[in-house]
Amino acid sequence: MAKAAKEKKSKAKIAEQTTAQDGPNWPILALAIMGLIVSGYLTYSAWTLQQLALCTEGSACDVVLSSKWSKLFGMPTSFWGFLTYALLAAIAWNKRTAAQWKAAFLLSIFGVLYSAYLTAISLFVLEAACPYCLISLGLMTATFAVVLFQKPAQMTGFSWGPWLAKSAAPALIVVVALHLHYAGYWGTTARPEDPWIRALTSHLTQIDAKFYGAFWCPACTQQKEMFGSSVDRVPYIECSPGGQRAPVAQACRDARIDSYPTWLINGQRYSGVQPLESLAQFSNFKHDGGTR
């Protein structure tokens, strides 16, 4: 009897480990690749400050991607989506097993809950919609649906109640914790960009203005802080990439920079920390929304 029970358990374990198909999980892999393309494009655009296709300045898409929910722990939210899709692709590349299904379920259910949360924020808080975000929500929802459909027929000791308690509940708790992070109850979140400051930085870049500084310069830090969440858009040139004792960057030598910070705007040189209103005046900046 003991031997028969042992053999039965062994056969059940073998059945649980493999399915009829040992190759990649093509449906999940295809959805993950599409997600990588969308999230990768969003991340690349965020890092290079390039305007997204069909997402003009001031549009609903721009409102969403300029909000504090567009970043998480200092990185574009799309970057974390890219990692999630990459993990799903890696899981889908292996042969189908119970362990693979469980991993795909955990990732996809978290992805659906987090994407649904961000979509709700965009629609009901920001009152705007980002087509790229909606596409990602659709891909993650489709992935979760496929995962549910592909549940292995034989899984030793599996029961939906305990499994959901171990998977869906923790995923929901993480999403709630992230909401509290965005709300400012723990950690720090990026503030939404000020439209006037953002427009000013875009104008300075368009007229080829330059802000020369050094990372160790307190005045340069003070100048950068004035731009708030738009600081990454500032046409900044680091003059001391190797430290205080290293040679000055060639671009700064060519511009004959001898103090930090220094601005070059429309052929004129301005040294020291400059108020944003002064930069607007020096650069002849005029914003449709008026002055600050």
Checklist entry - Mind checking whether Phe105 and Phe144 have parallel, tilted or perpendicular rings, split at 30° and 60°? => result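 Tilted, since the angle between the ring planes falls between 30° and 60°.
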
Checklist entry - According to the interplanar angle, ranging from 0 to 90°, do the rings of Trp186 and Phe73 count as parallel (below 30°), tilted (30 to 60°) or perpendicular (above 60°)? => result tilted

Side chains of [Y] and [X]: any donor to acceptor distance under 3.5 Å?
| X | Y | result |
| --- | --- | --- |
| Glu238 | Tyr236 | yes |
| Ser240 | Trp216 | yes |
| Trp80 | Tyr85 | no |
| Ser229 | Glu193 | no |
| Trp263 | Gln223 | yes |
| Thr43 | Ser78 | yes |
| Arg198 | Ser66 | yes |

Checklist entry - Salt-bridged, Lys71 to Asp232, with N to O below 4.0 Å? => result yes

Checklist entry - So, are Asp254 and Arg256 salt-bridged, with charged N and O less than 4.0 Å apart? => result no

Side-chain contact, heavy-atom cut-off 4.5 Å: [X] with [Y]?
| X | Y | answer |
| --- | --- | --- |
| Ile257 | Val248 | no |
| Asp62 | Thr56 | no |
| Pro261 | Lys224 | no |
| Glu127 | Val63 | no |
| Tyr117 | Val176 | no |
| Leu42 | Thr77 | no |
| Lys151 | Trp101 | yes |

Next on the checklist: For a disulfide (SG to SG under 2.5 Å) check, start with the C-alpha distance between Cys239 and Cys252, then their side-chain angles and the critical distance, and finish with the verdict.
Outcome noted: CA-CA 6 Å; Cys239 293; Cys252 302; 1.9 Å; yes

Checklist entry - Roughly how far, to the nearest 0.5 Å, is the OH atom of Tyr185 from the NE2 atom of His179? => result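 Rounded to the nearest 0.5 Å, the NE2-OH separation comes to 7.5 Å.
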
Checklist outcome for this item: So OG1 of Thr84 and CE of Met140: to nearest 0.5 Å the spacing works out to 5.5 Å

Heavy-atom pair with the smallest gap, counting every atom of [X] and [Y]:
| X | Y | answer |
| --- | --- | --- |
| Ile28 | Leu88 | CG2-O, 4.2 Å |
| Ala165 | Pro170 | O-CD, 3.4 Å |
| Ser167 | Trp163 | OG-O, 2.7 Å |
| Phe211 | Cys220 | CZ-O, 4.1 Å |

Item to check | Test item: Thr262 side-chain N/O and Tyr212 main-chain N/O as donor-acceptor pair under 3.5 Å | outcome: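 A pair under 3.5 Å: no.
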
Checklist entry - Donor-acceptor pair, Ser70 side chain versus Leu65 backbone, under 3.5 Å? => result yes

Item to check | Tyr114 and Leu178: CA distance, side-chain angles, deciding distance, side-chain contact (heavy atoms from CB on, under 4.5 Å) verdict | outcome: CA-CA 9 Å; Tyr114 186 47; Leu178 291 176; 3.8 Å; yes

